[in-house]
Amino acid sequence: MHGEYTPLMKPGLLAKRLSSGKARLDPEMGLEKLCTGCNEYWPQDTAFWSVWNSARSCDGLQHYCKACEGEIAVKRWKEKAA
């Protein structure tokens with residue numbers, strides 16, 4: 001694994017995400033999740049995704065990768081400063 005930990009999903013949810021394109025299985029990287037911000041796939045672990053403890057999050061991770069979260073935070077900070 002590449003990160004601190006990789007959350008496990010129920011088999012039905014995994015199958016649904018794979019069939020819809022929200023996740024994919026890469027031969028080298030393993031399970032990857034689609035970021036809704038940059039539309040790129042990243043390994044589904046906490047090195048690339050922030051933990052989000054919400055009933056709406058089935059896998060326990062944010063829907064934006066950490067890079068996109070950082071860009072959004074900088075954008076909001078600049079808007080507040082202006």
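Considering only heavy atoms from C-beta on, S50 comes within 4.5 Å of E69 through its side chain.
The CH2 atom of W42 lies 6.0 Å from the SG atom of C65; values are rounded to the nearest 0.5 Å. Considering CG of L18 and CD of E32, their distance stands at 11.0 Å, rounded to 0.5 Å. With values rounded to the nearest 0.5 angstrom, S20 atom OG is found 8.5 Å from L34 atom CG. Once rounded to the nearest 0.5 Å, the distance linking CG of L14 with CD of Q44 reads 8.0 Å. Taken from CG in L31 to CZ in R17, the straight-line distance is 9.0 Å, to the nearest 0.5 Å. How far NZ of K22 is from NE2 of H63: 10.5 Å, rounded to the nearest 0.5 Å.
A cation-pi arrangement is found for K33 relative to W49, the charged atom lying closer than 6.0 Å to the ring centre and inside a 45° cone about the ring normal.
The minimum heavy-atom distance linking Y64 with T36 is given by the pair CE2-OG1, 3.6 Å.
K66 places a side-chain N or O within donor-acceptor distance of the main-chain N or O of T46, the cut-off being under 3.5 Å.
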Exercise answer: donor-acceptor pairs, residues 71-82 side-chain atoms, under 3.5 Å, sequence neighbours excluded:
none

